[in-house]
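Both backbone and side-chain heavy atoms feed into the values below; hydrogens, waters and symmetry mates do not. As the structure is a prediction and not an experimental result, all values here were calculated from the model.
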Amino acid sequence: MNDSTPRRVRVRAPELIGKGGWLNTGGEQYTLADMRGRIVILDFWTFCCINCLHVLDELRELEAKHRDTVVIIGVHSPKFVHEADHQAVVDAVERYGVEHPVLDDPQLATWKQYAVRAWPTLVVIDPEGYVVAQHAGEGHAHAIARLVEELEEEHAAKGTLRRGDGPYVAPEPEPTTLRFPGKAVLLPSGTFLVSDTTRHQLVELAADGETVVRRIGSGVRGFADGPAEAAGFSEPQGLALLDEGAVVVADTVNHALRRLDLATGQVTTLAGTGKQWWQGSPTSGPAREVDLSSPWDVAVFDGRVWIAMAGVHQLWTYDPRTATVAVSAGTTNEGLVDGPGAQAWFAQPSGLAVSADGERLWLADSETSALRWVDRDGAVHTAVGTGLFDFGHRDGAGEQALLQHPLGVTALPDGSVAVSDTYNHALRRYDPATDELTTLATDLREPSDAVLVGGDIVVVESARHRLTRLRLPEEAVQVSSVAHRTQRAATEVAPGRLRLDVIFQAPAGQKLDTRYGPSTRLLVSSTPPGLLLKGEGGDTDLTRELELDPSIPEGVLHVSAMAASCDDPASAAGSTEYPACHVHQQDWGVPVRLAEGGATRLPLVLAGMDDAE
């Protein structure tokens, strides 16, 4: 062996610590030492984050295939105050069908130990307890699956691989009528149709909101058209009446729109292929041939079905007359920017409602804790909300009021709207005539939608697994103001010049895809906008020299990076007759504090080994 050959520095994985303890382990508490001999994949996630939910679904196949050698551990790392509530984490683990142990880390202790900067981040630890890879963002399951196979082979030969059952223990199912319902719609018959999200069904309830009339869907996660008892859904959410006889369903994890015939119970697919949309895929065309990405809600506005496409931070439309889909607003960049639809930025739009006069499409933009609307010209406006990192519970004028991750919005007859203020456990009311946000009700549990029924409003209390009927009060109840910012510690950087490095290393067996020009993209902006004196905007280089205004003490750098790679036929690992191509994309919001002696370089890992320089 040539002793001059460079050796990779082996980094011992830090211990897993979290004040909230372990879930899905039958009450057992674990350390990394207990996992020795297994390949461990840490999934740093938070349940508000759509990209994190995508990763949960990406990992399901790998988890099933390598269950005797791989232990996936979710490390729940909260952004919003509500997400630090232990019971909320327990609920989220069940809600999204997480079938591996989860460490509840409300104080971000393990997040800091692993120097994580973004949700989601995946860290791979080998059977000897060393970190071997780190990936930020979604779309890395293929690379991790290949790495797992290499580690299995290597450590089986060394005798350091231990096979057997993992530590996952499934919780006992709860016998409630609904389980984490998402959205509801009032049917012409006076009954309610509810998306029973965790059970992968639709449930029709009688006018009392409690008695089950019928269930639509097999109750098993799947994607199948057919009669009510055989149709397959995967975590359905939004519902809207297409006409007197049919409902359109946002089938979220199937990345599809479905149609329910109310008379027969027959389910068919209107739009989507069942595959998730990625950068470079078509954004318009025949509806059954275009991929979608986590459609969360639907509403019929101006003759088309508008889709809150939470997975790509856009609004799309489905035209029933031509059976086509198209992007109607949003750039796929995550944030809060108003203006013409083609220039607007959203952040996980999750609730839609058409105003009483039919002139506005209201939307709950969840990750910016914002209430926004689209006019008939397609321009986007903001009524309440300031950006990705400001949230709370504050009544008052729109520019000062605060929400916390709202998921639903309901039009009221007087032109105002009710907002399902999910993480504040409240129902709020915004009146555009007075520009005032008030509180209608509190002590709800994760309200995610509401339906107007006469003088009452029926709220979907998702985490209480029920519909709750409230009388709309004549006057709003005022509450004490509470304001929050995301709790991540700010990175201290030096004022002036700052070098931004997005680290990307194509996974083994792949190479950068340069067939159609540059394979990378970097977009940088800041809050407040004046923080960046130099370096704002887009380019193809993943390294950028920034200049920060020393007169602004703190802010947030918004970084969006993308890289495309394809299987390399010249590589043994990547040899294939038809090489597959992959898009790696991640958005970061990095809180920074300017301080003399602070860092002059900000590295962000898009994909690569842990010791990348």
Is a donor on one side and an acceptor on the other found under 3.5 Å between the side chain of Asp375 and the backbone of Asp377? yes
Checking Thr540 against Arg521 for the side-chain hydrogen bond (donor to acceptor under 3.5 Å, both in side chains) test, could you report, in this order, the C-alpha distance in whole Å, the side-chain angles of both residues, the deciding distance, and whether it holds? CA-CA 4 Å; Thr540 58; Arg521 184 189 69 183; over 6 Å; no
Non-hydrogen atoms of Val55 and Pro120 that approach each other most closely: CG2-CG, 3.6 Å
Have Glu58 and Gln276 got a donor and an acceptor in their side chains that come within less than 3.5 Å? no
Pair Phe80-Ser369, side-chain contact (heavy atoms from CB on, under 4.5 Å): steps then yes or no: CA-CA 10 Å; Phe80 289 98; Ser369 297; 3.5 Å; yes
Rounded distance (nearest 0.5 Å) linking atom NE2 of His255 with atom CZ of Phe223: 10.0 Å
Quick one: closest heavy-atom pair of Ala347 and Thr368, and the distance? CB-CG2, 3.6 Å
Measure the CG-CZ distance between Asp196 and Arg179 for me, rounded to the nearest 0.5 Å. 9.5 Å
Looking just at side-chain N and O atoms, do His82 and Glu446 make a donor-acceptor pair shorter than 3.5 Å? yes
Can the ring centroids of Tyr96 and Phe47 be said to lie less than 6.0 angstrom from one another? no
Heavy-atom distance under 4.5 Å between the side chains of Ser294 and Thr252, does that happen here? yes
With a 3.5 Å cut-off and no angle check, do the side chains of Asp421 and His393 form a donor-acceptor pair? no
Atom of Ala411, atom of Ala353 and distance for their closest heavy-atom approach: N-CB, 3.9 Å
Output all residues satisfying side-chain contact (heavy atoms from CB on, under 4.5 Å) with Val290, sequence neighbours left out; order by chain, then residue number. Trp316, Val325
Under 3.5 Å, side chain of Thr324 to main-chain N/O of Asp319, donor-acceptor pair present? no
Separation between CZ (Phe504) and CG (Leu604), nearest 0.5 Å, reads 14.5 Å
If we only count heavy atoms from C-beta on, is the Leu193 to Leu260 side-chain gap below 4.5 Å? yes
Would you say that Ile216 contacts Phe233 through its side chain, given a criterion of any heavy-atom pair below 4.5 Å between the two side chains? yes
Considering only heavy atoms from C-beta outward, does the side chain of Asp449 approach that of Thr410 to under 4.5 Å? yes
Decide yes or no for Trp277 and Leu292: does some side-chain heavy atom of the first lie under 4.5 Å from some side-chain heavy atom of the second? no
Consider side chain to side chain contact (heavy atoms under 4.5 Å, CB included). Of Val502, Leu522, Leu602, which one does Arg544 pass it with? Leu522
CG of Asp365 to OG of Ser350, rounded to nearest 0.5 Å, is 7.5 Å
Hey, are the side chains of Tyr114 and Thr121 touching, using non-hydrogen atoms and a 4.5 Å cut-off? no
Restricting to pairs with a member in residues 267-287, which pass salt bridge (charged side-chain N to carboxylate O under 4.0 Å, His left out), not counting sequence neighbours? none
Under the criterion side-chain contact (heavy atoms from CB on, under 4.5 Å), I'd like the reasoning laid out for Arg372 against Leu336: C-alpha separation, chi angles, the key distance, then a yes or no. CA-CA 10 Å; Arg372 307 175 73 184; Leu336 193 154; 3.9 Å; yes
Nearest 0.5 Å, please: how far is CH2 in Trp588 from CG in Leu500? 8.5 Å
Evaluate the ring planes of Phe44 and Trp111, with Trp represented by its six-membered ring, and classify them as parallel (under 30°), tilted (30 to 60°) or perpendicular (over 60°). perpendicular
Going from CZ on Phe346 to OG1 on Thr382, what distance comes out if it is rounded to the nearest 0.5 angstrom? 8.5 Å
Working note: Leu147 + His135, criterion side-chain contact (heavy atoms from CB on, under 4.5 Å); need CA distance, chi angles, decisive distance, verdict. CA-CA 12 Å; Leu147 176 58; His135 299 268; 5.5 Å; no
Can you tell me if Asn424 uses its side chain to pair, donor with acceptor, with the backbone of Gly392 under 3.5 Å? yes
What are the two closest non-hydrogen atoms of Pro349 and Leu363, and how far apart are they? CB-CD1, 4.1 Å
Looking only at side-chain N and O atoms, does Asp291 offer a donor or acceptor that is under 3.5 Å from a partner on Thr273? yes
What's the shortest heavy-atom distance between Thr197 and Pro236, and which atoms? OG1-O, 2.9 Å
So that I can tick it off, tell me whether Arg95 and Glu235 are bridged by a salt bridge, with the cut-off set at under 4.0 angstrom between side-chain N and carboxylate O. no
Working note: Trp362 + Tyr430, criterion side-chain contact (heavy atoms from CB on, under 4.5 Å); need CA distance, chi angles, decisive distance, verdict. CA-CA 11 Å; Trp362 290 97; Tyr430 175 75; 3.9 Å; yes
